[in-house]
**Student:** 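Handing you a structure now.
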Amino acid sequence: MTFQGVLAKCYQWLTQPVSPYPLALFRILFGIILLLNGLFLYPDIDTWFSSNGIFSLELARKVTGSNRLNVFLWFGDSPQVVAMVFWSYMLAGLGLVIGLAPRAMALVVFVCIASFSHRNIFILHSGDTFLRVISFLMIFAPSAAALSLQSWLAGGPKKSINAEAYRLIQFQVCLVYLATFVFKTQGNQWMDGSAVYVVQQLSEFERFSLPEFMRTPFMSKVLTWGTLAIEGFFPIGVWFRDTRLPILGAMIAMHLGIEYSMNVQLFEWTMITTVVLFLSEREIGKLLRLRDLQEA
């Protein structure tokens, strides 16, 4: 096959219509993650983001600049404005779950998350950045084609959707693991196998204590290098039929293990939801027990 032929095949794969169900199920799970994130944030929302809090809007302007997307720079950061932004975010998250105008809802979510992020960058982690990026990509994704109120009102799900935005979201997930792998390989503790042991000493992040045999230098090497192997192989293995399900299973196991041992708010569950983006229509059917999809 010629190089031009390879490019043609890649273009065909990137643009040919795909099943709407993986993206639709991801929209629902993504919306649930957004709602849970909001519920966890709500009790301290004034402390972190309003004029009654510990971090002034003027200081936020100096730290992030005035050219960032931040509605608080336009309307102020009174408790009333903060509440308005928060409830807009929550309603938009609910709109994504039920599939009511999800493109518009994703736009609202993106603006709200970006505003909260630029209002106080010191309380957020990479999971919040991932939510912001994915919410932006969801603006362009035809995620209402199935499993949505919008598709129900339109008479039923579509048989296929354009793949471009769907592929971009898949690529973004792969980029997360690739970047994580590259940055970790530049750290001595990841390369010598001691990184997991070091993390186990951070009691402020501990959720449940691991058994003693999991806290040995040998197991630290196994878990450290195993994490590198999963994150390094994921961006490649997830695209091939014979390695896709094993690497997805390994990724789920890795995140569940981290969720058990560490308290990093919703990050592990956020990444686990991305698994459905790489499932086939038949696999989605088995997962949701939809007979029509299982027989597709």
Side-chain angles (χ1 to χ4, degrees), residues 22 25-26 28-30 32-37 39-41 123-131 133-134 169-240 242-279 283-284 286-287:
L25 181 55
F26 174 72
I28 295 171
L29 296 176
F30 181 66
I32 292 172
I33 291 292
L34 292 173
L35 293 175
L36 290 174
N37 185 60
L39 290 176
F40 290 146
L41 192 62
I123 67 164
L124 306 176
H125 54 67
S126 56
D128 299 287
T129 302
F130 183 75
L131 292 179
V133 172
I134 295 301
I169 298 173
Q170 287 182 312
F171 291 155
Q172 179 61 47
V173 175
C174 290
L175 183 61
V176 168
Y177 288 106
L178 178 61
T180 302
F181 171 77
V182 170
F183 286 128
K184 284 178 178 175
T185 57
Q186 298 176 20
N188 293 332
Q189 292 172 337
W190 282 99
M191 299 309 293
D192 67 20
S194 64
V196 169
Y197 177 80
V198 172
V199 171
Q200 289 172 344
Q201 312 312 308
L202 302 176
S203 58
E204 63 267 30
F205 291 109
E206 185 178 69
R207 187 190 301 276
F208 300 113
S209 180
L210 292 173
E212 284 303 316
F213 79 91
M214 296 287 289
R215 305 174 73 90
T216 63
F218 172 75
M219 286 305 300
S220 176
K221 287 181 170 60
V222 171
L223 296 174
T224 299
W225 293 337
T227 298
L228 284 176
I230 293 170
E231 293 176 341
F233 185 64
F234 182 92
I236 301 173
V238 77
W239 302 109
F240 296 95
D242 53 347
T243 57
R244 178 175 56 88
L245 291 181
I247 192 61
L248 289 176
M251 187 265 275
I252 292 173
M254 178 185 73
H255 285 298
L256 287 178
I258 298 173
E259 175 67 19
Y260 175 85
S261 59
M262 296 186 66
N263 183 15
V264 185
Q265 181 174 301
L266 285 179
F267 179 76
E268 312 308 326
W269 293 108
T270 300
M271 300 311 299
I272 288 173
T273 63
T274 64
V275 165
V276 300
L277 291 166
F278 299 94
L279 298 180
E283 290 161 348
I284 295 291
K286 291 180 179 179
L287 187 65

**Student:** Can you check whether Val196's main-chain N or O pairs, donor with acceptor, with Thr224's side chain at less than 3.5 Å?
**Tutor:** yes

**Student:** Compare every heavy atom of Lys221 with every heavy atom of Asp192, then report the nearest pair and how far apart it is.
**Tutor:** O-CE, 3.8 Å

**Student:** Do Phe26 and Phe278 have ring centres separated by under 6.0 Å?
**Tutor:** no

**Student:** When rounded to the nearest 0.5 angstrom, what is the spacing between CD1 in Ile169 and OG1 in Thr274?
**Tutor:** 11.0 Å

**Student:** Roughly how far, to the nearest 0.5 Å, is CG of Asn37 from CG of Leu266?
**Tutor:** 6.0 Å

**Student:** If you take all heavy atoms of Arg215 and Gln200, which pair is closest and at what distance?
**Tutor:** NH2-O, 3.5 Å

**Student:** Below 6.0 angstrom between ring centroids: does that apply to Trp239 and Phe171?
**Tutor:** yes

**Student:** Indicate yes or no: at least one non-hydrogen side-chain atom of Trp190 is less than 4.5 angstrom from one of Thr227.
**Tutor:** yes

**Student:** Are more than 12 heavy atoms from other residues, nucleotides or ligands located less than 6.0 Å from atom OH of Tyr197?
**Tutor:** no

**Student:** Report yes or no: does Glu268 contribute a side-chain atom to a donor-acceptor pair with the main-chain N or O of Val264 at less than 3.5 Å?
**Tutor:** no

**Student:** Check whether Glu231 reaches the backbone of Lys184 with its side chain - one donor and one acceptor, N or O, closer than 3.5 Å.
**Tutor:** no

**Student:** Any salt bridge between Arg244 and Glu283, counting N to O under 4.0 Å?
**Tutor:** yes

**Student:** Just grab all the ring-ring contact (aromatic ring centres under 6.0 Å, His included) pairs involving residues 209-232, residues at least two apart or on different chains.
**Tutor:** none

**Student:** With heavy-atom distances below 4.5 Å as the criterion, would you say the side chains of Phe30 and Thr273 are in contact?
**Tutor:** no

**Student:** Any side-chain to backbone donor/acceptor pair from Thr216 onto Met219? Under 3.5 Å, distance only.
**Tutor:** yes

**Student:** Mark yes or no for whether Gln170, through its side chain, and Leu277, through its backbone, hold a donor-acceptor pair below 3.5 Å.
**Tutor:** yes

**Student:** Could you tell me which non-hydrogen atom of Pro22 sits nearest to which non-hydrogen atom of Val276, and how far apart they are?
**Tutor:** CB-O, 3.4 Å

**Student:** Answer yes or no: does atom CZ of Phe205 have more than 12 heavy-atom neighbours from other residues, nucleotides or ligands under 6.0 Å?
**Tutor:** no

**Student:** Any side-chain heavy atom of Ser126 sitting closer than 4.5 Å to one from Phe267?
**Tutor:** yes

